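Every chain is numbered from 1 and lettered A, B, ... according to where its sequence line falls, protein lines coming before strand lines. Not measured: the values here are computed from a predicted model.
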Amino acid sequence: MRFFICLGVGITLVTSQASAGVEAPRFSFNMAADGVAGGGAAADFGSVQQVSQTEWLFSGSYGSTSGSMLSWTYLVDPDPFVTGTFTVTNETSVSREYVIDFVLPIEPALTASLISGQVAGTLTDANGSGSALLTSMGGGFAFSALADGSVVQGLMANASHQISVANGTSSFTGGSFGFPTPIAGPAINMTIGIRFAFSLSAGDSVSFSSVFVANPVPGPTSLLVAAIFGGMRQRRRY
Amino acid sequence: MRSVIPNQYTLACGSTAAILLAMPCSAAFVIGGTSIGVSSSAGTGTVSNTLAQVSTTSWAATGSWSTPSASVSWTNNTFGWNNSTQSGFANGNIVVRNNTSAAQDFSVVINMGGTAGGPLSVSGSLGGQFVNGSTLLGSLTSNGPLWEARADNGVVRSELNNALFFAQPFQVISIGNFGFSNPLYGGSVTNSMSLRFSMRLSAGAEASFTSTVAFQAVPTPGAAALVCLAGVFGQRRRRR
């Protein structure tokens with residue numbers, strides 16, 4: 001019993017040491033509308049606020065030259081997770097294809113991970129035209145979870161949501177993976193991210209709320225370190 | 001007669017903060033300005049807001065209210081009163097986040113000052129998401145309606161009465177769709193149309209809502225009869 005208590009203390013210490021930090025991570029975004037891309041560090045387009053020892057809240061907005069307005073509120077933790085909401089409005093008179101990425105540098109790197117994610121959204125006939133349409137691009141995923149820039153899980157394949165009422169809204173559940181039990185993910189060295197790829201009708205808006213969490217899997221080395229740490233504590237007591 | 005008052009006023013009173021923005025005015029269907037107000041048990045917030053005119057009859061507001069531990073943001077909340085079409089609308093998205101370690105109450109009022117001759121037909125909708133960003137069970141609740149569309153102080157439509165949503169740690173919930181197109185508001189608007197959100201969010205939770213409301217003047221029976229009579233007289237004159 002003492003061994004497991006010490007093991008737990010050891011793991012906690014290892015984890016807390018790894019997650020300590022005071023500078024805001026360089027959480028960034030990129031929005032491509034019909035292939036015209038723009039973006040940068042989220043903090044440069046709004047505000048960033050530390051809300052706990054390891055958590056940061058980013059809020060901001062970005063108006064592209066191609067007639068799209070993007071805004072976001074994201075809580076991130078480099079340990080890592082990304083959760084929050086963004087809204088994009090297609091202010092043009094034609095349908096647009098969007099690819100929107102949010103990327104978070106992580107610390108420490110994960111030699112193995114357990115991941116989970118979810119997404120939901122709301123489509124709005126923002127211009128009161130009587131219709132709005134959201135589809136995933138080319139039948140692919142409207143939502144993808146990224147690890148080091150590669151897609152590790154996708155949701156909302158072949159998504160299609162439509163509104164046929166003026167000023168109407170349509171909320172949808174985009175599904176989940178690894179919920180409630182996280183699933184095995186890859187090693188993650190540099191970043192996690194979320195990608196939204198969809199086509200949005202003219203004059204309309206959509207908001208997506210999502211969660212992507214990657215937890216470290218205690219590897220043999222970590223367990224060994226924790227066990228040694230625990231053993232040393234026991235010996236000191238005696 | 002059109003008047004433009006470009007000044008922007010920021011008010012902060014106790015835990016309530018509001019922005020008043022003066023708007024151009026026109027006759028009959030007159031917009032008198034707009035305000036976005038936030039009050040919260042999480043404390044007094046700092047408000048920032050940008051207002052942009054997106055057409056001759058509509059404007060868009062983007063801004064936020066924030067404290068060190070809570071925030072409300074709104075983006076592209078567009079609204080307009082069109083005198084030539086005798087109609088008006090408001091739509092937009094708000095995101096409410098509670099970063100404190102306890103449940104907090106939030107009240108958000110998006111107010112469009114103005115007058116409009118009634119009766120009015122009103123349509124609109126509401127949708128949203130709830131995200132529990134904490135490691136504990138999260139909740140989104142309301143004591144009474146979570147969302148209301150109001151004309152002056154009268155409720156035109158309310159949704160999510162005594163709302164009660166629970167979410168597991170790091171769970172995203174779709175709040176659902178609520179739409180309406182039938183309410184007829186019999187009176188004239190003499191002061192304002194408004195959208196109101198009232199909710200309690202658990203620690204670490206976030207709720208986002210997209211809502212729309214549109215109103216259109218409906219000819220009274222007397223006015224409709226006059227239009228019909230004018231048409232009939234017009235036809236008779238042409239025949240002669």
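Residue contact with chain B, scored on non-hydrogen atoms closer than 4.5 Å, involves the side chain of A:Phe81 exclusively. Heavy-atom distances place the backbone of A:Val119, and not its side chain, under 4.5 Å from chain B. Residue A:Leu123: no heavy atom, backbone or side chain, is found under 4.5 Å from chain B. With a 4.5 angstrom heavy-atom cutoff, A:Thr87 touches chain B only via side-chain atoms. Proximity to chain B (any heavy atom under 4.5 Å) is shown, for A:Ser176, by neither the backbone nor the side chain. With a 4.5 angstrom heavy-atom cutoff, A:Ser61 touches chain B only via side-chain atoms. Neither the backbone nor the side chain of B:Thr100 has a heavy atom closer than 4.5 Å to any heavy atom of chain A.
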- Message: Let's go through B:Ser87 and B:Asn82 carefully: what are the C-alpha distance in whole Å and the side-chain angles of both, what is the deciding distance for side-chain hydrogen bond (donor to acceptor under 3.5 Å, both in side chains) to 0.1 Å, and is it a yes or a no?
- Response: CA-CA 5 Å; B:Ser87 63; B:Asn82 191 329; 5.2 Å; no

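Chain B forms more heavy-atom pairs under 4.5 Å with one residue of A:Gly84, A:Ser59, A:Gly174 than with any other, namely A:Gly84. Contacts with chain B were tallied for A:Gly46, A:Gly121, A:Ser116, A:Ser47; A:Gly121 has the most, counting heavy-atom pairs under 4.5 Å. For the set A:Leu57, A:Asp125, A:Leu70, A:Val213, the count of heavy-atom pairs under 4.5 angstrom toward chain B peaks at A:Leu57. In terms of non-hydrogen atom pairs under 4.5 Å with chain A, the most contact-rich of B:Ser208, B:Ser64, B:Gly179 is B:Ser208. Most heavy-atom pairs under 4.5 Å with chain B, from the set A:Ala120, A:Ser205, A:Gly128: that is A:Ala120.
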Side-chain polar contacts of residues 161-177 of chain B - donor-acceptor pairs under 3.5 angstrom, sequence neighbours left out - could you list them?
from	atom 1	to	atom 2	distance (Å)
B:Asn162	OD1	B:Gly144	N	2.8
B:Gln171	OE1	B:Gln168	N	2.7
B:Asn177	OD1	A:Ser171	N	2.2

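Checked against the 6.0 Å centroid threshold, A:Phe58 and A:Phe29 do not count as a close aromatic pair. Aromatic ring centres of B:Phe209 and B:Phe130 lie farther apart than the 6.0 Å criterion allows.
Of all heavy-atom pairs between B:Ala61 and B:Trp74, the closest is O-CD1, 3.6 Å.
The only option from A:Phe196, A:Phe198, A:Trp72 that meets the side chain to side chain contact (heavy atoms under 4.5 Å, CB included) definition with A:Val88 turns out to be A:Phe198. Of the listed residues (B:Phe180, B:Trp81, B:Tyr185), just one forms a ring pair (Phe, Tyr, Trp, His ring centres under 6.0 Å) with B:Phe215, and that residue is B:Trp81.
Remark: B:Glu159 engages B:Arg157 in a salt bridge (Lys or Arg N to Asp or Glu O under 4.0 Å) (not counting sequence neighbours).
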